Engineer: 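Quick one: structure below, then a few questions.
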Amino acid sequence: MGVGPGDPALLTVAAVRAIEAADVVTYPVARLEAEGMAARIAAPWIGPEQRRLPLLFPMVVEAEPRRQAWHAAAAALAAEVRAQRRVVLLCEGDSSLYASCSYVLLALAEREPDVPVRVIPGITAAAAAAAAASSAGMPWPLALQQEPLWIRPTPETQPELEQLLEQASAAGAVLALLKLGHRWSWVQPLLAERGLLEQSLFAQRVGWPDQLLARAAAVSPAEQPYFSLLLIRQGWPAVLP
Ligand SMILES: C[S@@+](CC[C@H](N)C(=O)[O-])C[C@H]1O[C@@H](n2cnc3c(N)ncnc32)[C@H](O)[C@@H]1O
């Protein structure tokens, strides 16, 4: 289930009810001793009587350890269900968008097709960033009228980003670039060169007490934490208030 981007108030009623009804609360961690972002977000909704079960998803590029982790997680969830326990898997943001739990969902469908699954959507970080900016006096509609909204990982290289910006401009699309983090050190100068800093919103740790929302022009071109994203609007529809 999606638990939203950071603020525990941004879990849906359905997510809170499912957590409250669970015997076991599982959540992804990159290291076994880590607390896990999704678990921290949902912490106010998890009771002391509920068993917490971290599921290890190692942050490595090799395929095999990741495949093993997804299958191990699916097996652990299926074991809880077979033991008649209600189990939830927490997922940061929305549960279907660049989410570890999507791989577990696929592994479950492949190896445990008889295990019943319910997926609860969550508020995605891009939507929360737009709402937070609009609430802070920087109106940031994500998409209007016929505009497409392209949600993408930030490209790995400058030429790829240049090409994406050109394609988005030609299509009149708004861009939401995730996984910005360390790439910001070269993305910022590129936006400056193309005169796009004023039309771009930088959002970091949306929903957390140290949330940072700023026009891209105000954010220095240094590496930024992983939980950072960028919204880029290169134009507006002709008819507006
Ligand atoms: C693996 S994706 C997960 C997306 C998540 N499932 C969602 O629906 O938002 C991680 C990326 O989402 C963005 N992100 C997630 N939570 C964020 C937050 N609270 N503030 C800013 N960006 C966030 C960052 O770009 C981060 O690198």
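A quick note: this is a predicted structure, and the numbers were derived from the prediction, not measured. Atoms within each ligand, like the ligands themselves, are counted from 1 in listed order. The basis for the numbers below is simple: all heavy atoms, side chains too, and nothing from hydrogens, waters or symmetry mates.
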Engineer: Between the side chains of Q224 and Q204, is a donor N or O closer than 3.5 angstrom to an acceptor N or O?
Structural biologist: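 Q224 vs Q204: donor-acceptor pair found between side chains.
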
Engineer: Can you hop from L149 to L230 via hydrophobic side chains spaced under 4.5 Å?
Structural biologist: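 Different clusters.
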
Engineer: Decide whether a cation-pi geometry holds between R233 and W236; the criteria are a distance under 6.0 Å from NZ or CZ to the six-membered ring centre and an angle within 45° of the ring axis.
Structural biologist: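 The answer is yes, since R233 meets both limits relative to W236.
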
Engineer: To the nearest 0.5 Å, how far apart are CZ in R86 and CD1 in I19?
Structural biologist: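 With rounding to 0.5 Å, CZ (R86) is 13.5 Å from CD1 (I19).
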
Engineer: Heavy-atom distances under 4.0 Å decide this one: backbone, side chain, both or neither, for A203 against ligand 1?
Structural biologist: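 Under 4.0 Å from ligand 1, A203 contributes backbone atoms alone.
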
Engineer: Check each atom of ligand 1 against the heavy atoms of P5 and keep those under 4.0 Å away; list them by number with element.
Structural biologist: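 Near P5, meaning under 4.0 Å from one of its heavy atoms, ligand 1 has 19 (N).
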
Engineer: When you look at T157 and E160, which way does the side chain to side chain donor-acceptor pair (under 3.5 Å) test go after all the steps?
Structural biologist: CA-CA 5 Å; T157 66; E160 285 171 297; 2.7 Å; yes

Engineer: How far is atom 26 (C) of ligand 1 from the closest protein heavy atom, and which atom is that?
Structural biologist: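 Here the nearest protein heavy atom works out to Y226 O, 3.4 Å.
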
Engineer: Can you tell which part of R205 has a heavy atom less than 4.0 Å from ligand 1: side chain, backbone, both or neither?
Structural biologist: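 It is the backbone that gets close, since no side chain atom is under 4.0 Å.
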
Engineer: In ligand 1, which numbered atoms sit nearer than 4.0 Å to a non-hydrogen atom of D94?
Structural biologist: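 In order of numbering, the contacting atoms are 6 (N), 7 (C), 8 (O).
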
Engineer: Do me a favour and list the nearest non-hydrogen protein atom to atom 16 (N) of ligand 1 with residue, atom name and distance?
Structural biologist: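 Minimum-distance protein heavy atom for atom 16 (N) of ligand 1 reads E92 OE2, 2.6 Å.
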
Engineer: I need the contact type for S228 against ligand 1. Using non-hydrogen atoms and a strict under-4.0 Å cut-off, is it side chain, backbone, both or neither?
Structural biologist: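 It is the backbone that touches ligand 1; the side chain stays farther off.
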
Engineer: Should you measure from each heavy atom of A125, which atoms of ligand 1 turn up under 4.0 Å away?
Structural biologist: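 So the atoms of ligand 1 that pass are 7 (C), 9 (O), 14 (N), 15 (C), 16 (N), 17 (C), 23 (C).
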
Engineer: Any N/O of V206 closer than 3.5 Å to an N/O of ligand 1?
Structural biologist: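 It does: an N or O of V206 is found under 3.5 Å from an N or O of ligand 1.
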
Engineer: Considering non-hydrogen atoms of the protein only, which is the closest contact for atom 7 (C) of ligand 1, and what is the distance?
Structural biologist: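 Here the closest protein heavy atom is T124 OG1, 3.3 Å.
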
Engineer: Does an N or O anywhere in Y98 fall below 3.5 Å from an N or O of ligand 1?
Structural biologist: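 No, Y98 has no N/O under 3.5 Å of an N/O on ligand 1.
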
Engineer: Could you tell me the separation between the OG atom of S102 and the CH2 atom of W70, rounded to the nearest 0.5 Å?
Structural biologist: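 Rounded to the nearest 0.5 Å, the OG-CH2 separation comes to 10.5 Å.
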
Engineer: Less than 3.5 Å between some nitrogen or oxygen of Q204 and one of ligand 1, yes or no?
Structural biologist: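 In fact, backbone or side chain, Q204 has no N or O that close.
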
Engineer: Going by the order shown, which atoms of ligand 1 are within less than 4.0 Å of some heavy atom of L178?
Structural biologist: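 By the 4.0 Å cutoff, the relevant atoms are 25 (O).
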
Engineer: W184 vs F202 aromatic rings, parallel, tilted or perpendicular, using cut-offs 30° and 60°?
Structural biologist: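 Taking F202 first and then W184, their aromatic rings sit tilted (interplane angle of 30° to 60°).
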
Engineer: Would a line drawn from the ring center of W208 to the ring center of F227 be shorter than 6.0 Å?
Structural biologist: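 No, they do not, as the ring centres are separated by 6.0 Å or more.
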
Engineer: Could you say whether the N/O atoms of I123 and ligand 1 ever approach to under 3.5 Å?
Structural biologist: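 No, there is no polar N/O contact under 3.5 Å.
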
Engineer: Return a yes/no value for L97: is any of its N or O atoms, backbone included, closer than 3.5 angstrom to an N or O of ligand 1?
Structural biologist: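 Yes; at least one N/O pair falls below 3.5 Å.
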
